[in-house]
Amino acid sequence: MTVQEQYDHLVETIQGYNPGADFAMIDKAYRYAVEHHGEQKRKDGSPYVTHPIAVAQIVAEELHLDSESIVAALLHDTIEDTDVTYEDVSREFSPTIANLVEGVSKLSRVVYTTKEEEQMENLRKMLMAMSRDIRVILIKIADRTHNMRTMEYQSKEKQRQKSLETMEIYAPIAHRLGMQRMKWELEDTSLKYLDPVAYNEIETSLESKREEYDAFLARVTKQIEDRLHEMHIPFHRVYGRMKHPYSIYRKMFAQSKTMDEVLDLFAFRVIVDTVADCYNVLGIIHDLYRPLLGRFKDYIGTPKPNMYQSLHTTVMGNSGIPFEVQIRTQEMHEIAEYGIAAHWKYKRGISGAASEGTYEWVRKLLENQENTDAEEFIHTLKVDMFADEVFVFSPKGDVTNLPAGATPIDFAYSIHSAVGNRMTGAKVNGRIVPLDYTLQNGDIVEILTANNAHGPSRDWLSIAKSTEARGKIRQWFKREKRPENIVNGRASFEAELKHAGVSLSDVVGTELESTLLKKLPYSTMDDMYAAIGYGGFSAQKAVSRIHEELQRLHRQRQAEKEATEPVPDNASATRPAIPQRTRSEQGIIVEGLSNCLVKFSKCCTPVPGDDIVGFITRGYGVSVHRCDCPNASRERRKENEGRWIKVSWGSDVRESYLTALEVFAKDSQHLVLDVSSVLSTTNTRVKFLSADATSDGYAVVRLQIYVADSTQLATVMRKLNQISGVMKVDRPAG
Ligand code: MN
């Protein structure tokens with residue numbers, strides 16, 4: 001057959017089911033493919049263009065797809081294998097067709113390696129999810145079907161690899177989409193290369209008994225037909241067939257049986273008009289042959305998830321050979337054979353179709369197709385398969401599924417919490433991305449880590465989409481913040497001691513320390529501080545345990561002072577260790593509370609002028625946050641309603657407040673110098689400065705500085721921003 005003849009046959013096929021097809025565009029695609037594949041040859045020596053035409057033939061003949069799909073099938077290897085670009089196809093044909101062709105090429109680029117079953121399932125889902133427009137996967141399956149048909153010219157290695165891929169990935173997808181006929185063909189051709197000995201044995205055995213089997217098939221077919229005529233039941237067709245080789249192979253394998261021992265080598269089909277007749281025919285079959293117990297299945301009442309509907313029963317033939325009979329309507333039959341692709345032909349939806357979760361989209365899709373015609377229908381076939389999941393690759397080719405909207409942080413924690421905790425950045429498809437990048441299907445994600453990474457920050461909790469990642473981040477804060485917990489715990493213990501009129505140094509390192517620890521379940525003071533800091537124990541309780549001892553000590557101190565100093569007039573000055581509490585504490589007015597401890601939160605370091613809010617902590621008074629701090633977010637405030645309290649800046653604010661800044665910049669040798677010079681020209685006192693370079697040429701300078709208020713801070717930030725190479729100056733929070 002010449003290339004032209006092969007194409008003429010294709011046109012004829014399309015005319016057969018879709019006379020209104022866009023033949024001008026199909027013709028243009030044919031000539032375009034011929035021109036661009038040019039002298040390329042297939043392994044068997046035939047012109048390469050025979051492959052896309054054959055794929056288009058499958059798309060037309062087996063799937064009855066629309067004009068765009070035929071055109072895309074004809075062009076499906078042009079972007080990948082010729083000088084044609086996406087833009088060319090988009091301009092010459094249409095953006096939709098270019099998307100279809102690019103979609104098929106993308107699926108071909110997915111690297112396949114043998115993995116465990118869970119990985120396979122993810123890979124299948126990913127391919128389907130990547131196919132956005134379901135026509136992409138349909139064309140891809142047609143492409144694979146033709147490649148399998150012509151596999152004999154490939155190397156042994158390639159045969160095996162492609163067959164495995166077909167068996168593990170494409171046949172199950174065909175099955176899932178309800179395309180039984182293509183599924184069988186894919187399985188049988190794969191088996192031929194994966195287990196040639198068994199395949200030949202089955203084929204030979206079927207062949208040797210061909211005459212006997214054919215006679216049996218014809219005899220039973222005639223018996224059923226005769227009885228249906230007798231009972232005046234109209235039917236489309238009664239036919240029998242051998243089970244296909246792979247299905248026999250599986251039964252032999254699973255049941256450890258020889259071919260002769262495998263039950264139901266034969267299956268008969270009765271295709272009728274109405275659902276009611278399906279059940280009538282079932283009665284007739286059971287009357288004609290003895291049904292085998294427990295082998296009846298009603299997939300009409302309860303369709304399979306892939307929409308399959310049929311009645312199945314296994315009966316014993318008169319000659320003692322068992323066989324299966326499947327009874328269904330014409331419409332059910334088409335759907336069983338060609339799956340959702342068959343649906344163009346049916347303007348009405350199926351009543352009582354499957355409604356199970358995962359395949360819900362298929363049903364909805366089909367239901368929405370009522371009253372649309374062939375060309376129209378296919379345009380709405382863009383479905384979001386697995387809309388709530390996203391599938392990405394690790395650099396090694398493992399597929400991970402994450403919730404839709406997931407970020408590199410979710411991916412990192414899905415590998416291991418240690419990877420997440422040491423994460424410093426991420427690359428997607430080889431390029432650095434921000435941590436809140438939304439992962440796309442098929443992305444290859446690489447997590448950058450460093451052993452001295454700072455660990456997660458609070459805002460990761462809102463960036464991460466998976467509960468797994470969020471749980472692990474929370475865990476980290478609980479465990480890893482011990483030093484911070486110790487500092488906080490110690491501060492509140494010290495404040496509580498001051499109430500009692502003694503200082504920390506009166507306790508730590510003295511007999512009092514061991515007295516206290518003996519009464520508590522902590523072996524060191526740090527352990528106790530950590531517990532107080534984390535909220536597991538309170539400073540008041542600690543102090544009350546040594547209340548008597550402290551009182552004695554306090555009295556002793558007073559006596560010593562009175563002995564050495566004259567009694568001053570001002571009584572309050574006699575107890576300098578206890579600060580005078582006014583409405584304002586460290587410049588903060590706490591609504592409705594006086595005499596309470598105030599502490600500025602370390603996470604967002606507020607300064608006068610910032611909008612602030614207070615949180616009543618366990619053990620160390622009110623902690624002041626910026627209103628825009630993630631730790632004071634709306635959700636957080638809801639979680640602990642009642643412990644959040646209004647606070648404001650008083651008129652007696654302190655001279656300066658410690659606050660933090662982060663400067664992000666392109667790494668430059670002068671960065672630290674430039675930052676220091678800004679700080680010095682703005683007379684800013686610095687408590688801490690560190691600079692880190694990332695592996696990809698960026699740098700972050702972390703600062704802790706003292707400022708009077710938000711106006712001064714804004715000035716400093718503006719000047720820092722003006723440094724060349726600086727991209728962003730941030731006040732960290734959370
Ligand atoms: Mn191809």
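Read the numbers this way: they start at 1 and go in the same order the structure lists the ligands and their atoms. Counting begins at 1 with the first residue of the sequence.
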Is it true that the NZ or CZ of Lys243 lies under 6.0 Å from the centre of Phe266's six-membered ring and within 45 degrees of the ring axis?
no
If we ignore angles and hydrogens, is there a donor and acceptor under 3.5 Å between the side chains of Arg42 and Thr150?
yes
Would you please test Phe268 and Tyr239 for ring pair (Phe, Tyr, Trp, His ring centres under 6.0 Å) and show each step?
CA-CA 6 Å; Phe268 290 84; Tyr239 68 100; 8.9 Å; no
Please test His51 against His76 for ring pair (Phe, Tyr, Trp, His ring centres under 6.0 Å), starting from the C-alpha separation and ending with a verdict.
CA-CA 10 Å; His51 165 64; His76 84 268; 4.9 Å; yes
Cut-off under 2.8 Å, centre the Mn ion (ligand 1), protein N/O/S atoms:
His51 NE2, His76 NE2, Asp77 OD2, Asp143 OD1
Tell me, which pairs form a ring pair (Phe, Tyr, Trp, His ring centres under 6.0 Å) where one or both residues lie in residues 188-209, sequence neighbours left out?
none
Between Glu203 and Lys192, does any NZ, NE, NH1 or NH2 come within less than 4.0 Å of an OD or OE carboxylate oxygen?
no
